[in-house]
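For reference, the structure discussed in these notes is given below.
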Amino acid sequence: MTILLFMNYCECLGHVAHGKSTLVKSISGVQTVRFKNELVRNITIKLGYANAKIYKCNGANHEAPGSYRSFSSNMQDSFSCAEPGCSGEYQLLRHISFVDCPGHDILMATMLNGAAIMDAAVLLIAGNESCPQPQTSEHLAAIEIMKLNHIIILQNKIDLVKESAARDQYREIRAFVQGTVAEKAPVVPISAQLKYNIDVVCQYLVEKIPIPVRDFSSAPRLIVIRSFDVNKPGCEVEDLKGGVAGGSILRGVLLVGQQIEIRPGIVTKDTHGLLRCQPILSTVISLYTEKNDLQYAVPGGLIGVGTRIDPTLCRADRMVGQVMGSVGTLPAIYVEMEISYFLLRRLLGVRTEGDSKGAKVSKLVKGESIKVNIGSLSEGARVTAVRADLAKIALTSPVCTEAGGRFAKEFLSNRLLTNNFKIDHLFELVISINDLL
C-alpha cells in the first residue's frame, strides 16, 4: 500500500510552445502529451497529469542545489547517492502533482479547469521570444483570479539565446510582473530540454511552496477533471471494468469500497422541457495515482477512482465538471445563480503592437452569452439581469456548487477574456436530494 503525504498540486502555465510539457517530463519523467491528435500536432490539447517525487542528498559534500533531484512517483522513498565520493542517501522531501495546461488561446477554458485545484503555479516564458506573449498575460491574469500566491517563473530555452539577450529579457519579465501577484516570484533561467537548472527548480518547489493545511475530517469531496473508459475494443463482457474518474480530493478521505454519489449526474429533460438530474450512485473499486495502487486517498494529489459506473458515461471526459463525494453530503444542483463580479480593465489574450494597450473591456449586458468555469466545469451561460457589480446568469447545464465559491468566465465571442466572479446566491434548485434518493 502506498500513502501519499507532503503533496502539492502545481500547474504549468505559459504561452504555446514555451516548454510546459517538456518541463514536466524533465522533472517527472512522464510524457503528458499522449493522445493521437496531440502527438500529430505536437501540442497539448487536454490537461496532462504527472506525479513526481523530489529528493535531497544528505551527504556532507553534496551541496544545494546539486543535492536536489526528482524522479517518477513509483521511486522508493530513500536510496544511496551514486555520486563519486558521496556516502549520503537521497531522502524524499515532497510529492508534487503537476497539471500540464494547454497554451493555445482557444483552450483557455481547459487551462481554467486545471487552475481550479492548484496550490501553486509555474509560469514558463521562452527566452527566445519577447515578453509578454498573449497567453502569458492571460495565464498570469488567471493566476491572480484563482488566488494562487505561490508562483515560480521559469525563463526557459536559455540555451538558445546569448547571455546579453537573456539579461534583457529578464528585465522585460520583471517589468511585466510588476504590480501583480508574481512581482516577488523568483525568475529561474533553465533549459527544460537539456535539464539545465532543473535541480534549482526542485529546490524552489520544496523551499518556496508550503504544504497547505488539509482537511481530513470532513466528508470526502472530489472534483472531476478527467474521466475514462479503460476497456479496450473487443473486450469480453465478463472482463468489462467500470468507468474511471480522475481528479483531486478537496477534503476528506476516500476509501476503497466506499459508497459514493456523483452530481449533477445524468441530466435529462422531461415532457415539459424542464431539466431533471439523476445523481449517480456507485462504489469505489480502486484508487490509483499513476502506477501506485492506494487503499485510501487524502487531499493532496491527482487520483484516479475506479468505479462500477457504466463506462460509456465516463468515456472521453464526459464526467468533467461533476462532483464526487459520500452519499447525501454533496451540495445541491442549480441552473441559475446570482454573482458579484469585477472586470479586468483591458482585453487580454490578443497581440498588441508596440506600447499600445489592449482594448477596454465592456460591461456585462442583459442577454449576453458567456462561458463560465465553475470548479472544473466549463459551460455556457446567459446573463439575465445586471445591476452595478451584481449579475444573474442562467446556465445551459446544471452545476453542483455552493454559495461563496469563486469561478472565472470568458466571453463567447472573439474576445478572449478572463474575469472574476463570486457566487452570492443560488436559486432554482433542479431537484431535491430527497426526491432522488
Side-chain angles (χ1 to χ4, degrees), residues 8-28 52 54 56 63-70 93-94 96 98-101 103 111 114-115 118-210 348-349 351 355:
N8 284 109
Y9 309 109
C10 191
E11 185 171 35
C12 291
L13 304 174
H15 192 67
V16 58
H18 277 203
K20 299 179 291 296
S21 300
T22 306
L23 172 71
V24 173
K25 184 178 180 180
S26 296
I27 296 177
S28 67
I54 298 180
K56 183 181 181 181
E63 297 181 354
S67 57
Y68 286 85
R69 292 191 64 184
S70 63
L93 297 182
R94 192 74 60 89
I96 304 285
F98 288 98
V99 175
D100 178 24
C101 294
M111 188 282 296
M118 292 302 107
D119 299 324
V122 176
L123 180 64
L124 274 81
I125 299 175
N128 61 342
E129 296 184 16
S130 60
C131 176
Q133 294 292 310
Q135 269 57 65
T136 307
S137 302
E138 202 168 25
H139 286 191
L140 180 58
I143 290 174
E144 294 193 277
I145 287 169
M146 296 301 176
K147 306 300 181 184
L148 295 178
N149 296 319
H150 304 293
I151 303 166
I152 299 175
I153 301 173
L154 301 183
Q155 188 182 9
N156 194 22
K157 303 186 182 182
I158 207 70
D159 54 312
L160 301 181
V161 298
K162 295 181 180 179
E163 182 178 347
S164 58
R167 291 182 182 277
D168 290 341
Q169 198 208 37
Y170 173 82
R171 288 188 284 269
E172 289 181 358
I173 295 172
R174 281 299 177 199
F176 165 58
V177 299
Q178 187 174 4
T180 70
V181 70
E183 184 173 14
K184 297 182 179 180
V187 179
V188 182
I190 67 165
S191 172
Q193 188 69 46
L194 302 179
K195 297 188 178 181
Y196 291 161
N197 273 358
I198 295 299
D199 52 355
V200 180
V201 177
C202 293
Q203 181 181 6
Y204 271 106
L205 288 174
V206 172
E207 296 181 353
K208 299 296 183 181
I209 300 177
L348 297 178
R351 194 181 301 274
D355 296 331

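Residue numbers count from 1 along this sequence.
- Panel note: side chain Lys20, backbone His15; a donor-acceptor pair is recorded below 3.5 Å.
- Nearest heavy atom pair, residue Gly19 against residue Asn156, reads CA-ND2, 3.6 Å.
- Environment of CZ in Phe176: crowded, with over 12 heavy atoms of neighbouring residues, nucleotides or ligands closer than 6.0 Å.
- Here CZ of Arg69 is found 15.5 Å from NZ of Lys56. Values are rounded to the nearest 0.5 Å.
- Between His18 and the choices Gln133, Gln135, Glu129, Lys157, the side-chain hydrogen bond (donor to acceptor under 3.5 Å, both in side chains) rule is met once, by Glu129.
- Between the CD1 atom in Ile54 and the OG atom in Ser28 there is a gap of 10.5 Å [rounded to 0.5 Å].
- Within the model, atoms CG of Leu140 and OG1 of Thr180 stand 4.5 Å from one another, a figure rounded to the nearest 0.5 Å.
- Using a 4.5 Å cut-off on side-chain heavy atoms (C-beta onward), Ile125 and Val187 make no contact.
- With values rounded to the nearest 0.5 angstrom, Ile152 atom CD1 is found 10.0 Å from Cys12 atom SG.
- Put simply, the side chain of Leu205 does not reach to within 4.5 Å of the side chain of Tyr68, judged on heavy atoms.
- Residues Gln203 and Ala64 come closest through the heavy atom pair NE2-CB, 3.9 Å.
- Within the 4.5 Å cutoff, the side chain of Ile190 has heavy atoms near those of the Leu23 side chain.
- Smallest separation of non-hydrogen atoms from Asp199 and Pro65: CB-O, 3.3 Å.
- Listed by chain and residue number, Arg171 satisfy the side-chain contact (heavy atoms from CB on, under 4.5 Å) test with Asp168 (two or more places apart in sequence, or in another chain).
- Ser191 and Asp159 make their closest contact through OG-OD1, 3.1 Å (heavy atoms, listed as atom of the first residue, atom of the second, distance).
- In this structure, Ile96 CD1 and Ile209 CD1 are separated by 6.0 Å, a value rounded to the nearest 0.5 Å.
- A donor-acceptor pair under 3.5 Å is formed between the side chain of Arg94 and the backbone N or O of Val206.
- Within the model, atoms CD of Gln155 and CD of Glu172 stand 9.5 Å from one another, a figure rounded to the nearest 0.5 Å.
- Across every non-hydrogen atom of Leu13 and Ala121, the tightest pair is CD1-CB, 4.1 Å.
- Here the closest non-hydrogen pair linking Ile151 and Leu148 is CD1-O, 3.6 Å.
- For the pair Tyr196/Pro189, no side-chain contact is recorded, criterion being any heavy-atom separation below 4.5 Å from C-beta on.
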Evaluate Gln169 against Val161 for side chain to side chain contact (heavy atoms under 4.5 Å, CB included), listing each step before the verdict. CA-CA 10 Å; Gln169 198 208 37; Val161 298; over 6 Å; no
